[in-house]
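Everything below concerns the one structure shown next.
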Amino acid sequence: MAVDTAELLTLLDPRVDARPRATIRAPRPADLHGKRLGLLANGKPNSEEFLAVLGGLLRERYGVGELVAARKPNASRVAPDEVLSQLTAQCDLVVTATGD
Amino acid sequence: MVSELTSVRHEVPDTLEAIEYCYRQGWTDGLPVVPPTQERVRELLDYAGLEPDLVVGEVPDRARVITAEKVAINAVMAGCLPAYLPVVVAAVQAMTADEFCLHGSMASTGGAAPLVIVNGPVRTQLGMNAGVNVFGPGTRANATIGRALRLVLLNVCDAQPGVLDQATLGHPGKYAYCIAEDEETTVWQPLHVERGLARELSAVTVMAAEAPHQVKNAFGTTPEEVLTSVADVMAHASYTQGAYLVVLAPEHRAVLERGGWSKADVRAYLAEHARRSTAELKRVGYLRGKIEAGDNQRFPALVTEDEVLVVAAGGRGGTFSAVVPPWAGGRSSAPVTRAVGACVECD
């Protein structure tokens with residue numbers, strides 16, 4: 001039997017799409033040699049230890065230059081502007097990692 | 001002028017098919033939902049006097065804007081009556097306040113849920129339960145207001161389990177977690193009054209919470225004896241400091257009130273006694289490192305006594321109370337109180 005379209009129920013979608021954000025991806029560095037590398041820890045236990053080892057490996061294997069350690073004061077929040085500004089000013093690239 | 005509902009429309013043949021359709025779309029918490037028809041959604045918004053495009057809250061970390069229309073849709077799906085919408089809206093306002101740290105608490109492996117505590121006249125208007133089985137099932141307003149928040153998290157804030165919500169375990173309060181305070185059987189100040197609102201207002205206080213842990217003390221006859229048990233449970237959950245909730249049920253409350261203790265007295269006692277030595281915390285694995293000389297200092301569950309919320313609720317029979325520990329993120333999230341029916345855009 002054909003469905004009587006007059007009796008269709010109209011439901012409203014409960015979801016929301018993310019608001020579009022104007023973000024620009026930085027160009028990937030061609031190589032890491034001599035680059036200043038930021039290491040942004042999320043503030044959880046072992047995150048700084050992990051990044052320190054990673055920084056050492058990147059220096060040893062890929063010739064990364066200066067290492068700049070930074071830390072989020074709160075693992076559950078976005079890094080504060082001053083931390084991001086410091087990294088932007090002092091680094092060519094940044095690795096951030098979640099530890100726990 | 002009343003503005004239009006702008007959500008995407010989905011057409012389905014009938015109500016039962018609509019319930020299955022909602023499942024297929026991934027819109028539910030695992031339980032069946034009430035189909036969010038435009039007529040029903042409009043009914044809730046009209047009751048609350050809210051324009052659909054009113055911004056109730058935002059989650060900047062997820063670039064999500066939560067409008068009254070989306071709150072109403074999810075409230076309908078949860079089974080809310082129109083009169084419940086103002087409470088749900090206030091709770092969404094509360095949990096999207098910056099100090100609540102919603103993104104962290106909903107995404108965390110710690111598996112917390114927003115717990116809503118309702119105060120003021122709206123409790124009786126909506127027939128909310130503050131008594132027997134207060135954390136349990138059986139009351140539509142408690143169950144559906146709590147569930148509406150979960151559906152807002154799932155559908156609007158993107159907190160899908162295993163995707164954004166990475167809770168290792170979660171807990172049953174993640175389906176619905178809403179209680180009322182029993183203001184009628186106590187001489188104590190209601191929670192919203194303690195937190196700065198007028199007694200005649202209705203309000204919600206929302207905290208990022210783990211599951212309730214029951215406290216038994218059948219033998220205590222003094223306030224100190226009863227609260228020693230409460231402090232013990234708090235101390236044993238204190239791998240994180242933060243805002244605990246203590247729900248005191250009538251039998252325990254009678255001992256405290258007979259002793260002339262106010263909520264402030266309870267808070268002060270718990271701040272002093274809900275402690276465990278650093279050595280003990282190291283021994284059981286809550287703190288890192290080997291036990292050393294000097295590790296006998298007492299580590300408090302509360303940084304300040306004001307952090308613990310004390311609420312009167314629960315059934316008349318039984319020598320039980322409850323401790324609700326904070327989300328594992330501890331002091332990253334603070335409980336937030338908002339008046340019900342207050343102007344959403346006024347601050």
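Reminder, nothing fancy here: chain letters follow the sequence lines and each chain counts from 1.
Counting all heavy atoms, side chain and backbone alike, A:R77 lies closest to B:C101 at NH2-CB, 3.6 Å. The minimum heavy-atom distance between B:A18 and A:L11, with the atom names listed, is CB-CD1, 4.0 Å. Taking each heavy atom of A:P14 and B:M77 in turn, the nearest pair found is CB-SD, 3.6 Å.
Interface remark: B:C22 contributes side-chain atoms only to the contact with chain A (heavy atom separation under 4.5 Å). Proximity to chain A (any heavy atom under 4.5 Å) is shown, for B:D158, by neither the backbone nor the side chain. With a 4.5 Å cut-off on non-hydrogen atoms, B:Q25 touches chain A through its backbone and its side chain both. In this structure, the portions of B:V12 lying under 4.5 Å from any heavy atom of chain A include both its backbone and its side chain. In this structure, chain A has a heavy atom under 4.5 Å from the backbone of B:R62, while its side chain stays farther away. When heavy atoms are compared at a cutoff of 4.5 Å, B:T15 approaches chain A by way of both its backbone and its side chain.
For B:S332 and A:N74, the side-chain atoms include at least one donor-acceptor pair closer than 3.5 Å. For the residue pair B:R288 / A:N46, a side-chain donor-acceptor distance below 3.5 Å is found, with atom types taken as modelled.
Counting heavy atoms of neighbouring residues, nucleotides and ligands inside a 6.0 Å radius, atom OH of B:Y21 exceeds 12 of them. Around the CZ atom of B:R24, the shell of radius 6.0 Å holds more than 12 heavy atoms that belong to other residues, nucleotides or ligands. Environment of OH in A:Y62: sparse, with no more than 12 heavy atoms of neighbouring residues, nucleotides or ligands closer than 6.0 Å.
One distance of note links OG of A:S76 with CG of B:D61; it measures 9.5 Å at 0.5 Å rounding. Between the CG atom of A:L9 and the CD atom of B:Q38 there is a distance of 10.0 Å, given to the nearest 0.5 Å. To the nearest 0.5 angstrom, A:R15 atom CZ is 11.0 Å from B:I73 atom CD1.
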* Derivation and outcome, side chain to side chain contact (heavy atoms under 4.5 Å, CB included), residues B:H10 and A:D13 -> CA-CA 7 Å; B:H10 300 257; A:D13 198 310; 2.8 Å; yes
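Contacts with chain A were tallied for B:G104, B:P36, B:C157; B:P36 has the most, counting heavy-atom pairs under 4.5 Å.
A donor-acceptor pair under 3.5 Å is formed between the side chain of B:R64 and the backbone N or O of A:V16.
Looking at B:L5 and A:L12, their side chains come closer than 4.5 Å, going by heavy atoms from C-beta outward.
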